Amino acid sequence: MLDATCIVLDFETTGLSPDQGDRITEVAAIRVANNQILGHYTSLANAGRGIPSFITQLTGISAQMIRTAPPVHQVIHELARFVGNDPIIAHNASFDRKFLIAEYRYAGLASPNNDVICTLRLARRLLPQLPNHKLSTIASHLGIRFPSDAHRAEADARVAAGVLLALSHRLAKQHDITVTPDLLTRIAHWPASQWLTRLARYKTRVQDSTGCDTQQTV
DNA sequence: TGCCAGGCCCTCTTTAGGGCCTT
């Protein structure tokens with residue numbers, strides 16, 4: 001169980017690198033609290049960039065769709081209000097984080113300092129037996145179905161939210177521990193070969209600090 | 001002319017290289 005409020009974020013973009021001039025084309029942010037999806041913000045975004053044909057083939061997002069979309073600065077300001085200071089969750093979070101930082105900068109906003117948790121890193125630790133750790137593979141393994149076409153922001157974000165909740169549930173059940181964003185952040189950054197040892201030490205430290213056997217939120 | 005992301009992770013490693021993952 002995940003005992004916190006988090007924002008699951010997914011961007012569709014014109015390419016892989018904001019440093020190479022790529023911009024976002026669509027964003028979805030989903031608020032997760034008390035193990036439920038409580039709300040979402042989704043929008044296409046017009047950043048004035050052309051859409052490579054392979055991106056249209058991959059995502060279904062066309063140049064025509066972007067021409068009639070809200071301007072990207074408006075979308076980013078609305079996104080920033082929705083996200084607030086809650087921890088951000090994303091699959092391969094370094095990708096979405098670099099676009100978030102770039103788009104905040106373009107929009108004249110201060111660089112976000114939200115905690116960031118990566119479901120790719122979590123899945124590599126909690127599900128090492130999988131043949132790969134693509135979002136679709138993890139979702140299939142966990143019995144999570146895409147609500148619509150993959151590679152659209154809201155569908156990917158909803159699936160990532162399901163992955164987050166399923167991994168949190170599995171972690172809590174298998175290790176008898178309260179799962180918090182702080183713990184997920186720690187696990188994601190512990191070396192993959194050491195995370196179980198580190199988790200045992202973490203549990204011992206929490207028990208010692210509380211003076212009882214019951215796990216507490218830290 | 002040719003190339004063009006970047007951070008993480010694993011291993012045949014650490015004075016490195018290659019695969020994975022996101023669009």
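What you see is a predicted model; the values in this text were computed from it and never measured. All chains are named by letter (A, B, ...) in the order of the sequence lines, taking the proteins before the strands, and each is independently numbered beginning at 1.
Checked by atom type and distance alone, the side chain of A/Asp86 never pairs as donor or acceptor with a backbone atom of A/Ile7 at under 3.5 Å. A donor-acceptor pair is defined here as one N or O able to donate and one able to accept, closer than 3.5 Å; such a pair exists between the side chain of A/His133 and the backbone of A/Leu127. A donor-acceptor pair under 3.5 Å is absent between the side-chain atoms of A/Arg124 and the main chain of A/Asn132, judged by distance alone. Formation of a donor-acceptor pair under 3.5 Å by the A/Thr25 side chain with backbone atoms of A/Thr14 is not found in this model. A/Lys98 places no side-chain N or O within donor-acceptor distance of the main-chain N or O of A/Asp19, the cut-off being under 3.5 Å. Of the possible polar contacts, none joining the A/Ser140 side chain to the A/Thr137 backbone as a donor-acceptor pair under 3.5 Å is found. Of the possible polar contacts, none joining the A/Glu12 side chain to the A/Val27 backbone as a donor-acceptor pair under 3.5 Å is found. Using a distance-only test at 3.5 Å, with no hydrogens or angles considered, a donor-acceptor pair links the side chain of A/Asp22 to the main chain of A/Ser17. A side-chain donor-acceptor contact under 3.5 Å links A/Arg125 to the backbone of A/Ile187.
One can place CD of A/Glu103 at 15 Å from P of B/dT23, the figure rounded to the nearest angstrom. Per the geometry, CG belonging to A/Asp10 stands 10 Å off P belonging to B/dT22, to the nearest Å. Rounded to an integer number of Å, the gap from A/Leu122 CG to B/dC20 P is 21 Å. Atom CZ in A/Phe54 sits about 15 Å away from atom P in B/dT22, given to the nearest Å. For A/Ile89 and B/dT22, the CD1 to C1' distance is 16 Å, given to the nearest whole Å. Distance CH2 (A/Trp195) to P (B/dC10): 13 Å, rounded to an integer number of Å. Atom CZ of A/Arg152 and atom P of B/dT23 are 13 Å apart (whole Å). Following rounding to the nearest Å, A/Trp190 (CH2) and B/dC10 (C1') show an atom-to-atom distance of 21 Å.
For A/Arg31 and A/Phe82, the positive end sits near the middle of the six-membered ring, less than 6.0 Å away and at most 45° from its axis. Note that A/Arg23 lies outside the cation-pi zone of A/Phe11, set by a 6.0 Å cut-off to the ring centre and a 45° limit from the axis.
Taking the C1' atoms as reference points, B/dT23 lies 13 Å from B/dG6, given to the whole Å. Spacing between B/dC12 and B/dC8 at atom P, rounded to whole Å, works out to 22 Å. Comparing the C1' positions of B/dG19 and B/dG2 gives an interatomic distance of 24 Å, to the nearest angstrom. Spacing between B/dC9 and B/dC4 at atom P, rounded to whole Å, works out to 24 Å. Comparing B/dG18 with B/dC3, their P atoms are spaced 16 Å from each other, to the whole Å.
The residue A/Asp22 sits apart from the nucleic acid: no heavy atom pair falls under 4.0 Å. At the heavy-atom level, A/Phe11 lies under 4.0 Å from the strands shown only through sugar-phosphate atoms. A/Arg125 comes within 4.0 angstrom of sugar-phosphate atoms only, judged by non-hydrogen atoms across all strands, and of no base.
Taking the six-membered ring where the residue is Trp, A/Phe99 and A/Phe95 present tilted rings, their angle falling between 30° and 60°.
Summary of the strand contacts: A/His91 and A/His189 both lie near DNA chain B, and taking for each the nucleotide with the nearest heavy atom, the more 5' one is attributed to A/His189. Comparing A/Ser193 and A/Glu12 by the nucleotide of DNA chain B that holds the closest heavy atom to each, the one mapping nearer the 5' end is A/Ser193.
Interface residues of residues 130-146 of chain A facing DNA chain B, ordered by number: A/Asn132, A/His133, A/Lys134, A/Leu135; criterion, heavy-atom separation under 4.0 Å. Near DNA chain B, meaning a heavy atom under 4.0 Å from it, residues 57-76 of chain A has A/Leu58, A/Thr59 in order of number.
Test A/Ile30, A/Leu135, A/Asp156, A/Val159 against A/Asp10 for side chain to side chain contact (heavy atoms under 4.5 Å, CB included) and you get one pass: A/Asp156.
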Could you list, one pair per line, each protein nitrogen or oxygen that sits under 3.5 Å from a nitrogen or oxygen of nucleotides 3-7 of chain B, together with the distance?
unit_1, atom_1, unit_2, atom_2, d
B/dG6, OP1, A/Asp19, OD2, 3.4

